[in-house]
Participant: 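Structure provided below as C-alpha cells; questions to follow.
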Number of protein chains: 2
Amino acid sequence: MVDKFVSSASRPFGPSLERLRAAGLRPTRQRLALAKLLFNGIDCHISAEALHEEAEAAGIRVSLATVYNTLHQFTAVGLMREIVVDSQRSYFDTNVSDHHHFFHESTSRLQDIPAEDVRVARLPAPPAGARVKRIDVIVRLEEKE
Amino acid sequence: MVDKFVSSASRPFGPSLERLRAAGLRPTRQRLALAKLLFNGIDCHISAEALHEEAEAAGIRVSLATVYNTLHQFTAVGLMREIVVDSQRSYFDTNVSDHHHFFHESTSRLQDIPAEDVRVARLPAPPAGARVKRIDVIVRLEEKE
DNA sequence: GTGATTGCAAATCTTTTGCACTAAA
DNA sequence: TTTAGTGCAAAAGATTTGCAATCAC
C-alpha cells in the first residue's frame, strides 16, 4: 500500500487526503469519501441523515453512526461547524469562516450571510467569568403569503 | 408589564385565568397551574423536562406530554416563544418581547439581552418570496480560562 | 351532554454507545 | 502488530401520538 504522497502534483485522492492528515485524522476510506462529498468547493449545510443518503446515492457504503462520528470529528478539528437552528435536528456547515445564516423555516434550508453584511453593535459585556465563544445571527424566514 | 398584578384582589385565580381566556385557551387545572409557575413576573427560560420537575416539586400532577402540549400551545398563542440554542433540547421563554440571548454553554443557562443592546445592521434583503419572521442573536459563552 | 383536554404508555425520531471486527500505520 | 476506526444493533433521550377517561362549559 502506498503510504506516502510526496508531491501535491500526484494526488490520486485529491486534496481531501491532505486535509484529513493536516487535521490529524487518519484518512480512512469512509472519511475520505465523506470529505469528498462535503468539501467539493461549494459551501454546504447538511444534516447527518441527508449526508448519509447522499453517500448511499453515491455508492458509498457508510453507516449512519459513522456519518455522525465523522461530522463531529470534522467539527472538532475545525473543518466544519455545527449550526443550531432546529431543536430536532443538527446541521453542519462546511463554511467555517465567520458568517451568519438565513433559515427558511418552510423548507429547513440554510443560506449564508457574509459576516460583513451583519453588524452586531453595542453588545453588552459578557457576564463575569464568561467569554464570548461565538455570535450566531439567525434570520428566520417564512414564505411571503 | 407588572401592572397585571395591580387589581389581583378582584381576581380569585390571579391573572393567569384571564390570560388564558384572552388567548382563547380553556383554563384547565393543568394549564392554570403551569401558567402560574411560568408567569410569575420573572422572565424565565425553561425546558419541558425542567418545567415538569418544577410542577411535581410544587405538588402539581401533570404528565410530561401535557407539559409539552401546554408549552407549544402557549407558544402558538404568543404567550411564550421557543428559543433554539441546543439541538438536543427545546427551551421556552416567557419573555415574548423583542430581545436576544446569552447562552452559557457549560451550564445550558440562558440570559436575556435587551433588544436595545444589540444592533443588527446592514442585513441583506431576504431572498425573493421570503419575509423575515424573526432575527435571533445568540451570544454563546464559554468559561473564562 | 359534548367537545376539548389529559394521562399513560407506546411509538417515533435523532443521536449515542457497546462491542466484535476491520483496516491504517 | 497495534490501535484507531467502523458497522450493527441496541440503547438512550427528547418529543409525539393514540385512545380511553375526565373535565370545562
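So that the names make sense, note that chain A is the first sequence line, chain B the second, and so on, each numbered from 1.
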Participant: Without decimals, in angstroms, what is the distance between B:Leu64 CG and D:dA14 C1'?
Facilitator: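 Atom CG in B:Leu64 sits about 9 Å away from atom C1' in D:dA14.
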Participant: Calculate the interatomic distance between A:Phe92 atom CZ and C:dT14 atom P; express it in whole Å.
Facilitator: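 In whole Å, C:dT14 P and A:Phe92 CZ are 14 Å from each other.
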Participant: Measure the acute angle between the ring planes of A:His72 and A:Phe92, then classify it against the limits of 30° and 60° as parallel, tilted or perpendicular.
Facilitator: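 The arrangement is perpendicular - the two ring planes meet at more than 60°.
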Participant: Send over the distance from B:Tyr91 OH to D:dG13 C1', rounded to a whole Å.
Facilitator: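 Rounding to the nearest Å, OH of B:Tyr91 and C1' of D:dG13 are 13 Å apart.
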Participant: So what does A:Ser47 hit on the nucleic acid, given a heavy-atom distance under 4.0 Å: a base, only sugar-phosphate, or nothing?
Facilitator: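 Nothing: the residue A:Ser47, judged by heavy atoms under 4.0 Å, touches no strand.
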Participant: Nearest whole angstrom, please: distance from the C1' of C:dA23 to the CG of A:Leu32.
Facilitator: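 Nearest whole value for this atom pair: 13 Å.
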Participant: Output one line per pair: protein atom, nucleotide atom from nucleotides 9-11 of chain D, and distance, for all N/O pairs under 3.5 Å.
Facilitator:
none

Participant: Given C:dG7, D:dT6, C:dT5, identify the nucleotide with an atom nearest to the side chain of B:Arg61.
Facilitator: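 Among C:dG7, D:dT6, C:dT5, the one nearest the side chain of B:Arg61 is C:dG7.
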Participant: My understanding is that only one of A:Glu105, A:His104, A:Glu142 makes a side-chain hydrogen bond (donor to acceptor under 3.5 Å, both in side chains) with B:Lys133; could you say which?
Facilitator: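 The residue from A:Glu105, A:His104, A:Glu142 that satisfies side-chain hydrogen bond (donor to acceptor under 3.5 Å, both in side chains) with B:Lys133 turns out to be A:Glu105.
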Participant: Within the sub-3.5 Å range, which N or O atoms of nucleotides 21-24 of chain D have a protein N or O partner, and how far apart are they?
Facilitator:
| from | atom 1 | to | atom 2 | distance (Å) |
| --- | --- | --- | --- | --- |
| D:dA24 | N3 | B:Arg26 | NH1 | 3.4 |

Participant: Identify, with sequence neighbours excluded, every residue that meets ring-ring contact (aromatic ring centres under 6.0 Å, His included) alongside B:Phe74.
Facilitator: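 Counting only residues at least two positions away or on another chain, B:Phe74 forms a ring-ring contact (aromatic ring centres under 6.0 Å, His included) with B:Phe39.
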Participant: Quick one: A:Arg89 CZ to D:dT16 P, roughly how many Å, whole number?
Facilitator: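 To the nearest whole Å, that distance equals 13 Å.
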Participant: Aromatic rings B:His99 and B:His45: how do their planes relate, parallel, tilted or perpendicular, breaks at 30° and 60°?
Facilitator: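 Ring orientation of B:His99 relative to B:His45: tilted.
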Participant: Taking atom P of C:dC13 as reference, at what distance in whole Å does atom CD of A:Gln88 sit?
Facilitator: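 Those two atoms, CD and P, are 12 Å apart.
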Participant: My understanding is that only residues two or more places apart in sequence, or in another chain, count here; which of them pass side-chain hydrogen bond (donor to acceptor under 3.5 Å, both in side chains) with A:Asp117?
Facilitator: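 By the side-chain hydrogen bond (donor to acceptor under 3.5 Å, both in side chains) rule, A:Asp117 matches no residue at all.
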Participant: Would you say B:Thr75's side chain and B:Leu71's backbone share a donor-acceptor pair under 3.5 angstrom?
Facilitator: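 Looks like yes, one N/O pair under 3.5 Å.
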Participant: Side chains of B:Glu54 and B:Ile46: does their closest heavy-atom pair fall under 4.5 Å?
Facilitator: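 Result yes, sub-4.5 Å side-chain heavy-atom pair found.
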Participant: Applying a strict under-4.5 Å side-chain criterion to I, L, V, M, F, W and Y, I'd like to know whether B:Leu51 and B:Leu20 cluster together.
Facilitator: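 They do share one cluster, since a chain of ILVMFWY contacts under 4.5 Å joins B:Leu51 to B:Leu20.
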Participant: Measuring to OP1 and OP2 of D:dA14, would you say a side-chain N or O of B:Ser90 lies under 4.0 angstrom away?
Facilitator: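 B:Ser90 to D:dA14 OP1/OP2: no side-chain N or O under 4.0 Å.
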Participant: For B:Ser87, answer base if it contacts any base atom (sugar-phosphate contacts may also be present), sugar-phosphate if it contacts only those atoms, and nothing otherwise; contact means non-hydrogen atoms under 4.0 Å.
Facilitator: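 Nothing, no heavy atom under 4.0 Å.
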Participant: Considering only heavy atoms, which members of residues 66-85 of chain B lie under 4.0 Å from some atom of DNA chain C?
Facilitator: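 Close to the strand are B:Thr66.
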Participant: Which pairs pass salt bridge (Lys or Arg N to Asp or Glu O under 4.0 Å) with one or both residues in residues 70-95 of chain A, sequence neighbours excluded?
Facilitator: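 Checked against salt bridge (Lys or Arg N to Asp or Glu O under 4.0 Å) - neighbours excluded - the pairs reaching residues 70-95 of chain A are A:Arg81-A:Asp136.
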Participant: Output yes when at least one side-chain N/O atom of A:Gln30 is less than 4.0 Å from OP1 or OP2 of C:dT22, else no.
Facilitator: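 For C:dT22, neither OP1 nor OP2 has a side-chain N or O of A:Gln30 closer than 4.0 Å.
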Participant: Between B:Val85 and B:His101, is there a side-chain heavy-atom distance shorter than 4.5 Å?
Facilitator: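 When only atoms from C-beta onward are counted, B:Val85 and B:His101 do not touch, as no gap falls below 4.5 Å.
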Participant: Using whole Å, what does the distance between atom C1' of nucleotide D:dA4 and atom CG of A:Leu25 come to?
Facilitator: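 The answer, rounded to whole Å, is 11 Å.
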Participant: For residues A:Val120 and B:Arg119, determine if any side-chain heavy atom of one lies less than 4.5 Å from a side-chain heavy atom of the other.
Facilitator: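 In short, these two side chains do not touch, never coming nearer than 4.5 Å.
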Participant: Evaluate A:His52 against A:Tyr68 for ring pair (Phe, Tyr, Trp, His ring centres under 6.0 Å), listing each step before the verdict.
Facilitator: CA-CA 9 Å; A:His52 185 235; A:Tyr68 272 105; 9.1 Å; no
Participant: What is the separation between atom CD1 on B:Ile60 and atom P on C:dG7, rounded to the nearest whole Å?
Facilitator: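 Rounded to whole Å, this separation is 11 Å.
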